[in-house]
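Remember, it's 1-based here, ligands and their atoms both numbered in the order they're listed. Since we're looking at a predicted model, the values are computed, not measured.
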Amino acid sequence: MFDLSLTETAAALRARTFSSEELTRESFQRIARLNPALNAMITPAEESALAAARAADARIAAGDAVALTGIPLLHKDIFCTRGLRTSCGSRMLDNFIAPYDATVVTRLAEAGMVTLGKANMDEFAMGSSNETSFYGPVKNPWDLERVPGGSSGGSAAAVAAGLVPAATGTDTGGSIRQPAALCGITGLKPTYGRVSRWGMIAFASSLDQAGPMARSAADAALLLQAMAGFDPRDSTSVDQPVPDYFSGLGQALRGLRVGLPKEYFGEGLDPAVARVLEGAIEEYRRLGVEFVEISLPNSGLVVPVYYVVAPAECSSNLSRFDGVRYGYRADSPVDLEDLYTRSRGEGFGAEVKRRIMTGTYALSAGYYDAYYLKAQQLRRLIRDDFQRVFEDVDLIASPTAPSTAFRLGEKQQDPVAMYLSDIYTIAANLAGLPALSHPAGFADGLPVGLQLIGPHFDEGRLLNVAHAYQQVTDWHLRRPPETAIADGV
Ligand code: GLN
């Protein structure tokens with residue numbers, strides 16, 4: 001029941017091997033056994049899940065089901081869910097119950113998916129290890145002493161441990177791909193504008209994008225199909241038809257030209273990760289892919305540019321949390337100033353404050369041109385690097401993260417070391433490009449991810465390529481040891 005792909009689960013539901021209600025009940029039992037050690041799910045929604053499961057069963061019985069009907073799902077707690085707490089991993093929104101559903105939530109519910117609850121995440125999606133969550137860190141199911149990656153670490157750990165077969169994530173600088181890599185699952189950040197951001201709590205609006213997290217590329221294709229598409233409520237949503245990602249799978253890779261950026265395979269990459277990736281590249285060669293070395297000369301600018309742009313946008317987005325409208329409010333303020341400063345001072349954690357301060361500085365009069373404007377100019381150069389490369393190659397392949405999962409606490413005191421975990425993922429956000437991470441093997445017993453980056457709106461090709469690889473390898477089918485998790489509390 002918990003080892004099936006989404007299509008296999010859908011077939012079993014249709015064949016009445018088990019019902020969605022049974023699957024939902026069993027999933028909650030599994031969550032009760034494994035989640036205490038993982039801390040991947042923070043807000044369960046058992047009652048509404050069982051109601052949705054019964055509705056799905058009725059729909060299946062009526063012959064009115066689509067591919068995802070009756071299949072359990074977790075939402076990253078950044079997506080607003082009507083009637084169910086949306087905390088964004090923060091104390092600030094610990095008491096927040098949204099009056100509406102995010103578009104992504106609505107679309108997956110309309111497809112008949114059953115939301116089991118909300119997944120833990122870094123506070124306001126700022127982090128690469130899930131250690132900034134107000135609800136405590138998530139543990140990596142492959143080794144409970146290690147981080148799952150972040151900020152969608154709860155989603156990644158939950159899928160890897162089989163609590164759910166699918167979860168939503170968001171990616172501003174790598175938060176779908178990096179935890180997917182560290183937990184051994186498949187995650188896709190779509191093209192900016194492909195999936196609606198409406199109802200998704202904003203971190204850095206020009207970079208944020210929602211996407212699917214699942215075991216395989218085929219599963220991710222089914223999920224993206226339901227998530228993607230124009231939404232008039234999101235002004236940056238793009239009005240372009242959504243291709244049939246799932247039926248697009250299965251095309252041969254012969255003749256595909258893939259670029260390997262030399263800047264992504266040099267200093268800073270763990271040699272054990274590099275060795276695993278060499279093996280994956282060999283496998284792709286056997287499938288007929290041609291690899292060429294390419295250069296993305298502005299790669300050294302990616303992290304510094306991101307850490308101006310993202311904090312600048314977050315300082316503006318997070319100004320709405322003032323203790324007045326919703327969210328955390330400090331006790332007995334003496335005046336309005338005191339209400340603002342203490343509500344924000346007590347409601348936000350250290351990393352979020354660091355971002356708000358640097359962002360406010362970068363946007364302030366006198367520094368705007370030197371920092372924010374300059375960062376935007378450099379962002380253009382980074383984008384141009386990709387445009388030039390895509391005149392010659394179809395896709396780019398690279399490591400997703402420079403190392404495997406690191407130890408809890410290892411980088412917590414060193415923000416720059418933490419920021420460097422996203423060194424290979426951030427450029428795709430700055431350029432708005434789609435990028436996917438898929439399992440590519442193991443180094444010292446820990447999963448390694450390979451990243452594929454494509455031209456705008458080429459999600460279908462990314463999924464097809466990863467799917468072809470997953471037809472000849474079984475890394476995506478490996479499971480972390482369950483008893484170690486259950487005993488790990
Ligand atoms: N780790 C990066 C950051 O902290 C990216 C986070 C994300 O993609 N949401 O900003």
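In the model, Ser295 has a side-chain atom that pairs as donor or acceptor with a side-chain atom of Glu263 under 3.5 Å. Using modelled atom types and a 3.5 Å distance limit, the side chains of Asn429 and Arg177 yield a donor-acceptor pair. Between the side chains of Asp270 and Thr404, no donor-acceptor pair is found at a separation under 3.5 Å. Ser237 and Ser196 are not linked by any side-chain donor-acceptor pair at a separation below 3.5 angstrom, with hydrogens and angles left out of the test. With no hydrogens or angles considered, no side-chain donor-acceptor pair links Asp208 and Thr170 at under 3.5 Å.
At a 3.5 angstrom cut-off on N or O pairs, Gly174 counts as close to ligand 1. On a distance-only criterion, Thr172 and ligand 1 share at least one N/O pair closer than 3.5 Å. At under 3.5 Å, a nitrogen or oxygen of Ala125, whether backbone or side chain, sits near a nitrogen or oxygen of ligand 1. Looking at ligand 1, you won't find any N or O of Gly150 less than 3.5 Å from one of its N or O atoms.
Closest to atom 10 (O) of ligand 1 among all protein heavy atoms lies Tyr306 OH, 2.6 Å. Nearest protein heavy-atom neighbour of atom 2 (C) of ligand 1: Asp422 OD2, 3.1 Å.
Atoms of ligand 1 lying under 4.0 Å from any heavy atom of Met126, numbered from 1 in the order shown and given with element: 4 (O). Ligand-side atoms of ligand 1 in range of Ser151: 9 (N), range being under 4.0 angstrom from any heavy atom. The Asp171 neighbourhood of ligand 1 comprises atoms 8 (O), with distances under 4.0 Å to a heavy atom of that residue. The distance from ligand 1 to the heavy atoms of Tyr307 drops below 4.0 Å at these ligand atoms: 2 (C), 3 (C), 4 (O), 10 (O). Per-residue contacts place Phe203 under 4.0 angstrom from the following atoms of ligand 1 (heavy atoms of the residue considered): 9 (N), 10 (O).
Taking 4.5 Å as the limit, some side-chain heavy atom of Thr400 sits within range of a side-chain heavy atom of Thr425.
Ionic pairing of Glu351 and Arg354 is present here: one or more N-O contacts between side-chain nitrogen and carboxylate oxygen are shorter than 4.0 angstrom.
Nearest-heavy-atom check against atom 4 (O) of ligand 1 across Met418, Arg355, Glu351 picks out Arg355. For the residues Pro179, Ser175, Ala310, Ser152, the heavy atom positioned nearest atom 7 (C) of ligand 1 is part of Ser175.
Between the side chain of Arg197 and the main chain of Thr236, no donor-acceptor pair closer than 3.5 Å is present. Remark: the backbone N or O of Asp122 is not paired with any side-chain donor or acceptor of Thr132 at under 3.5 angstrom.
Neither the backbone nor the side chain of Tyr419 has a heavy atom within less than 4.0 Å of ligand 1.
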